[in-house]
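Shown next, in structure tokens, is the structure this report addresses.
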Amino acid sequence: MKKVFEAPKSLKDNLFHYCPGCGHSIIHRLVAEVIDELGIQERTIGVPPAGCAVLAYNYFDVDTGEAPHGRALAVATGIKRVLADHVVFTYQGDGDIAAIGTAESIHAANRGEKVTAIFVNNGTYGMTGGQMAPTTLPGMGSTTTPGGRDVVRDGAPLDLTQMLAEAKGSVFLERVSVATPKGIRKAKKAIKKAFQVQLDGLGFALVEVLSPCPTNWKMDPVAAYEWTDKEMTKIFPVKVIKDITGYDKD
Amino acid sequence: MGEAAVRAGCRYYFGYPITPQNEVPEYMSGRLLQVGGTFVQAESELASVNMVIGAAMAGARVMTSSSSPGVSLMQEGISYLAGLELPAVIANVVRGGPGLGNIAPAQSDYFQATRGGGHGDYRTIVLAPASCQELCDLTFKAFDLADKYRNPVMIMGDGMMGQMMEPVEFPELIDPADLPAKDWTITGAKDRPSRVILSLLLNPKVLEDHNFKLVRKYDAVTREETDWEEYMLEDARQVVVAYGTAARIAKGAIKRVREMGLKVGLLRPKTLWPFPDKPLKELTRVVRQLLVFEMSAGQMVEDVRLAVEGQAQVHLYGRPGGVIPTPDEVAHQISHYYYQAGLMDKDQPSGRLGGAA
Amino acid sequence: MAKGKITIDREKCKGCELCVSVCPKQCIAISTGLNDKGYYPAEFSQGEEGDCCTACTLCALTCPDIAIEVYRG
């Protein structure tokens, strides 16, 4: 029998520190598979966030540079401006990119920085123990929203990816999910396209990936994946938000 | 400052407008294009310093500049530059503070610069030019220091220097390609294992070792890079300690009091960190009277007191808020303390320069 | 004859049961023995007829810990 599925080359063979059922490591694998398939491992530079994925450098077998919380897209701008022929991607959580890093995200997109952003939306601050994130859904529990997120008290979830569509420099923005195998396949396609946008130097590309966080949602993994697929997509629909790449014309 | 940076091989500048240093980004936005460099006006000083972090990680000579409130926004980034051991040059053209303050020249960011406004045990090499030529020379030198020690280096100017015009001789233009290669940068894992530049060291013992490694670096900087100017110290009975624009004013004041026979000199730190404490301690073998003159409410005075370890009286003449005292005002202070300490020769007329301050 | 088979790395598996939930043929179950980390890892079986697995790779796609390798043919 022929092996038809195995770990991608661009992933180090380390055990993931992530909780059982965490979506992060699936997304790591997808990004690594894309790096393998595009053959860019030797000229790719990753910028991990502060958050659960701060340890991403233990997994991505590419050069990585650690950014302060929220500043990955500014650091990535600095790297890409120096190494224009390299592939630079950021890997950020929802708090990192859509709360503290909002300005950096909007302006990197607006400048059309030729970098690729992977935005992991798990509706919580995972590493710090489950506080409300900009993407926490109304009514959703968190350690800082007693009784669940109250839109009047805590504000409504923020759709950063939609906002980035207004930035002229953004070329390709898609929201995907890893909650189902079908979703995972679509997610990989989107991530690959986002990297291709960078390779073709078209401008800023971002993929937002809905990712379950069983531990902080206080659900078992299977239920968390179900909830992501059914509930999160009501507020954060899985769709292409912007695509002016012109790829699909031919 | 901008031209000196370009001459030093700096091809990347990330900054944000703030008076009184707008001339730097303005100059760099055009000049860098001429040398194939890159200028980015960021959305904030905070973003600027993080772009500097990225460019430094990629191995480039990189700079940003700002003024007091903007430099406050860069403190986290500077702490990261130190923790990540990244070379970068940050210029602070200091203005009156705190808060919005004003846009007049001041020296009230001394603590922030020398003690570090960011978190953790780190030091920033701080250079204090006192003329346009020094602004050029120290900026040029800053890039070498940053690369040599893989540490942030700050140029501490002030609003006066930011707007001053003086003739300057520039060093030869360096082509970045001629700079020594860096073997720690993240430029893509080609023919080598992948590399990470990080400051997250979760194991306390590992972080402690990292901190002690930084301490050894800072000790080396202190041993090799401490720099100061001695002016008319040979026969001085009283010494003024001042840097930057304040030192220029002090020199004017010293000329005035010298004409009246007062034996006064100046010790001018050119590196604020590492602070020239040894020459100051040396001085106290002969001189018991020090007058620290700062365009602030008094910050460097603490380092002077630490340096002399009680072996001399340390007076402070501090003028914060962006006020620029005249040489006469300073001369007045000098003579006041000079006579108060009974330093004049016996046969010297006791005509003092007007009443005490 | 089975069209495919999978291997599950007992020590990498954290017992999240996602593979169990997505396998269209229910060829995976949670074992009763603990792994070194204290998880009940997933276990593969070809079932009574010995041809449960069709190598559709859904389990491996959704496994967060790349504990599953798939073989076809």
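Because only heavy atoms are used, hydrogens play no part in the values below, and waters and symmetry mates are left out as well, while side chains stay in. Each chain gets a letter, A, B and so on, in the order its sequence line appears, and its residues count up from 1.
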Point to revise | Heavy-atom contact with chain B under 4.5 Å, split by part of A/Leu55 | key: side chain
Check your understanding: At a heavy-atom separation under 4.5 Å, does B/Val49 approach chain A through its side chain, its backbone, both, or neither?
Key -> neither
Review point. Under the side chain to side chain contact (heavy atoms under 4.5 Å, CB included) criterion, do A/Val54 and B/Leu200 qualify, and how do the steps go?
Key: CA-CA 9 Å; A/Val54 70; B/Leu200 174 79; 3.9 Å; yes
Review point. Taking B/Ser194 as the fixed residue, which of A/Ile45, A/Thr44, A/Asp61 is the one that meets the side-chain contact (heavy atoms from CB on, under 4.5 Å) rule?
Key: A/Asp61
Check your understanding: Would you say A/His86's side chain and B/Thr187's backbone share a donor-acceptor pair under 3.5 angstrom?
Key -> yes
Exercise for review: Might you confirm whether atom CG of B/Asp219 has over 12 heavy atoms from other residues, nucleotides or ligands at distances under 6.0 Å?
Suggested key: yes
Study note, to complete from the structure: One should read off an interatomic distance between A/Thr64 OG1 and B/Leu198 CG, to the nearest 0.5 angstrom, of 7.0 Å
Exercise for review: Count the heavy atoms belonging to other residues, nucleotides or ligands that lie under 6.0 Å from NZ of A/Lys12, then report whether that count exceeds 12.
Suggested key: yes
Practice item. For B/Glu3, enumerate each residue passing the salt bridge (Lys or Arg N to Asp or Glu O under 4.0 Å) test, keeping only those at least two apart in sequence or located in another chain. Key: B/Arg7, B/Arg31
Practice item. Counting only heavy atoms closer than 4.5 Å, note whether B/Arg192 contacts chain A via side chain, backbone, both or neither. Key: side chain
**Study point:** Residue pair A/Glu66 / B/Met57: nearest heavy atoms and the distance that separates them
**Key:** O-CE, 3.3 Å
Check your understanding: What are the two closest non-hydrogen atoms of B/Met51 and A/Arg111, and how far apart are they?
Key -> CE-NH2, 3.1 Å
Practice item. Quick one: pull up OH in B/Tyr80 and CZ in A/Arg71 and give me the separation to the nearest 0.5 Å. Key: 9.5 Å
Review point. Considering all heavy atoms of both residues, which atom of A/Ala103 and which atom of B/Glu43 are nearest to each other, and what is their separation?
Key: O-OE2, 3.6 Å
Review point. Does a sphere of radius 6.0 Å around CG in B/Leu145 hold more than 12 heavy atoms from other residues, nucleotides or ligands, not counting ones at 6.0 Å or beyond?
Key: yes
Point to revise | Heavy-atom neighbours of B/Phe170 CZ exceed 12 at 6.0 Å | key: yes
Practice item. Please flag which part of B/Thr38 lies under 4.5 Å from any non-hydrogen atom of chain A: side chain, backbone, both or neither. Key: side chain
Practice item. Could you check B/Lys190 against A/Asp63 for salt bridge (charged side-chain N to carboxylate O under 4.0 Å, His left out), going step by step and ending with a plain yes or no? Key: CA-CA 10 Å; B/Lys190 191 171 187 345; A/Asp63 274 3; over 6 Å; no
**Study point:** Validation row: A/Phe60, B/Val196 side chains within 4.5 angstrom (heavy atoms)
**Key:** no
Exercise for review: May I ask you to check whether over 12 heavy atoms, not counting those of A/Asn14, lie within 6.0 Å of atom CG?
Suggested key: yes
Check your understanding: So what's closer than 4.5 Å to chain A heavy atoms on B/Ser48: side chain, backbone, both or neither?
Key -> neither
Point to revise | Residues of residues 73-84 of chain A near chain B, each having a heavy atom less than 4.5 Å away | key: A/Ala74, A/Val75, A/Thr77, A/Gly78, A/Ile79, A/Arg81, A/Val82, A/Leu83
